[in-house]
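In what follows, every heavy atom counts, from backbone to side chain, and hydrogens, waters and symmetry copies are set aside.
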Amino acid sequence: MSKIKLALFDMAGTTVQDNREVEKCFFEAIRATQLEVSSEKINSMMGWSKYRVFETIWKDEIGENHLSFKEKVDESYAFFCNTLEHHYETYGAKPYDGVPEVFEFCRENDIRIALTTGFYPKVTAIILRKLGWDKDLDSNYTRLYNTSDNIINCSVSSSDVVNGRPEPDMIHLAMEKCEIRDAGTVINIGDTPSDLQSAHRANVGYSVGSLYGTHTKHELNYYPSDKLIHQPLEIIEIIQAL
């Protein structure tokens, strides 16, 4: 029997297919609000709170003490939000191949499933609804004990905590929601440097980096993890071995 009691999955790029849609929405907002940012810079901030991304960009551009700093951040962020919401409402969302099987394995083995994301609540709700992963969750997107309908046990977004990734706050909140007290019984799976950093700071039992998302092996090798995987089904083998 595996020691794992909680499986934490990043949303876009780990469970939900990300074909650079989020990055494209960032660049639409960047162009629309007269900013110039490299794709490398944006990629380095994937997994962060999306508002924090624009705070960082505008801080580099004009400084956070500039009189128009907050106004500029809000303008870029609002454009990004509208673009992102329109994308997911129009095109929906799809899980990566193997993710439903991983979820089913966790349910069968009494392992609770939590999603963490740098998305804000509205777009998170759209994605969960499009996937059908919001079934039988309460208003806080939580279902402690499984029913015949729920797919996951909770969803946590960066706006639910004081500090988003790379801090461990979202992991701690997901543990609290799922009544898991021992971080050693938690496995965290994510595709960005900030996912791996937050897992390390939370001292989870096992940290996995997904190479089928937004970052390469070369990019993730710089950050602490226990294993890098190429497809979701490898998660089942990892849990069975723990």
Side-chain angles (χ1 to χ4, degrees), residues 8-64 66 69-85 87-88 115-124 127 156-171 173 188-202 207-225 228:
L8 283 164
F9 299 86
D10 174 48
M11 186 178 278
T14 301
T15 55
V16 179
Q17 292 184 24
D18 183 357
N19 296 307
R20 301 288 181 179
E21 295 97 339
V22 178
E23 186 177 325
K24 291 172 186 174
C25 291
F26 268 123
F27 277 106
E28 286 190 39
I30 285 166
R31 286 191 295 269
T33 52
Q34 290 78 54
L35 281 165
E36 289 187 14
V37 185
S38 69
S39 58
E40 291 78 12
K41 178 69 172 177
I42 292 297
N43 205 39
S44 72
M45 296 185 285
M46 296 300 284
W48 291 17
S49 155
K50 308 315 177 195
Y51 191 83
R52 183 186 170 202
V53 171
F54 286 106
E55 283 184 319
T56 301
I57 294 171
W58 277 109
K59 180 180 178 180
D60 292 344
E61 185 77 10
I62 62 175
E64 61 184 334
H66 193 284
F69 174 73
K70 188 176 186 308
E71 178 185 343
K72 295 290 187 182
V73 172
D74 289 346
E75 179 187 5
S76 296
Y77 181 65
F79 193 99
F80 168 78
C81 290
N82 289 334
T83 305
L84 191 67
E85 290 163 21
H87 168 80
Y88 283 115
L115 299 181
T116 59
T117 179
F119 289 142
Y120 53 96
K122 184 174 181 179
V123 77
T124 301
I127 293 171
V156 175
S157 69
S158 56
S159 60
D160 295 328
V161 296
V162 175
N163 301 300
R165 299 187 190 110
E167 298 306 319
D169 296 27
M170 284 198 287
I171 293 176
L173 180 57
N188 189 83
I189 304 98
D191 68 307
T192 70
S194 62
D195 288 310
L196 301 185
Q197 288 173 297
S198 64
H200 180 68
R201 293 175 185 180
S207 174
V208 178
S210 59
L211 297 175
Y212 53 84
T214 58
H215 286 72
T216 65
K217 182 177 181 179
H218 174 74
E219 290 169 324
L220 292 187
N221 265 338
Y222 287 99
Y223 301 91
S225 71
L228 301 178

*Enter the distance from S210:OG to H215:NE2 here, rounded to the nearest 0.5 Å.*
10.0 Å
*What residues, two or more places apart in sequence or in another chain, satisfy salt bridge (charged side-chain N to carboxylate O under 4.0 Å, His left out) together with D191?*
none
*Going from SG on C25 to CG on N82, what distance comes out if it is rounded to the nearest 0.5 angstrom?*
10.5 Å
*Any chance you could measure D195, atom CG, to Y223, atom OH, to the nearest 0.5 Å?*
11.5 Å
*Got F119 and L84 here, is their nearest side-chain heavy-atom distance under 4.5 Å?*
yes
_Spacing of CD belonging to E85 relative to NZ belonging to K122, to within rounding of 0.5 Å_ = 4.0 Å
*side chain to side chain contact (heavy atoms under 4.5 Å, CB included) against P224, all qualifying residues, sequence neighbours excluded*: H200
*By salt bridge (charged side-chain N to carboxylate O under 4.0 Å, His left out), which residues pair with R201, not counting sequence neighbours?*
E167
_Under 3.5 Å: donor-acceptor pair, side chain of D169, backbone of N163_ = yes
_Value rounded to 0.5 Å, distance of CG in L211 from NE2 in H218_ = 13.0 Å
*Please work out which of the three classes, parallel, tilted or perpendicular, describes the rings of F80 and F26, given edges at 30° and 60°.*
parallel
*Indicate yes or no: at least one non-hydrogen side-chain atom of W58 is less than 4.5 angstrom from one of D74.*
no
*Could you give all pairs that pass the salt bridge (Lys or Arg N to Asp or Glu O under 4.0 Å) test and reach residues 40-60, with sequence neighbours left out?*
K41-D60, K59-E64
*Can you measure from CD1 (I42) to OG (S39) and round to the nearest 0.5 angstrom?*
9.0 Å
*asked:* So, using side chain to side chain contact (heavy atoms under 4.5 Å, CB included) as the criterion, who are the partners of S198 when residues are at least two apart?
replied: R165, I171
*P193 versus L220: any side-chain heavy-atom pair under 4.5 Å?*
yes
*Indicate yes or no: at least one non-hydrogen side-chain atom of T14 is less than 4.5 angstrom from one of Y212.*
yes
*Indicate yes or no: at least one non-hydrogen side-chain atom of E23 is less than 4.5 angstrom from one of T214.*
no
*asked:* If you compare all heavy atoms of I57 against all heavy atoms of M45, which two are closest, and at what distance to 0.1 Å?
replied: CG1-CE, 4.0 Å
*Does the pair S207 and L196 meet the rule for a side chain to side chain contact (heavy atoms under 4.5 Å, CB included), with working shown?*
CA-CA 7 Å; S207 174; L196 301 185; 3.8 Å; yes
*Taking all non-hydrogen atoms of both residues, which atom of D18 and which atom of V22 are closest, and how far apart?*
OD1-N, 4.0 Å
_According to salt bridge (Lys or Arg N to Asp or Glu O under 4.0 Å), does anything in residues 208-223 pair up with another residue at least two apart or in another chain? List the pairs._
none
*Any donor and acceptor pair, going by atom type alone, linking the side chain of E36 with main-chain N or O of Q34 inside 3.5 Å?*
no
*Is any side-chain heavy atom of L228 less than 4.5 Å from a side-chain heavy atom of N221?*
yes
*Search all heavy atoms of F54 against all heavy atoms of S76 and return the closest pair with its distance.*
CD2-CB, 3.4 Å
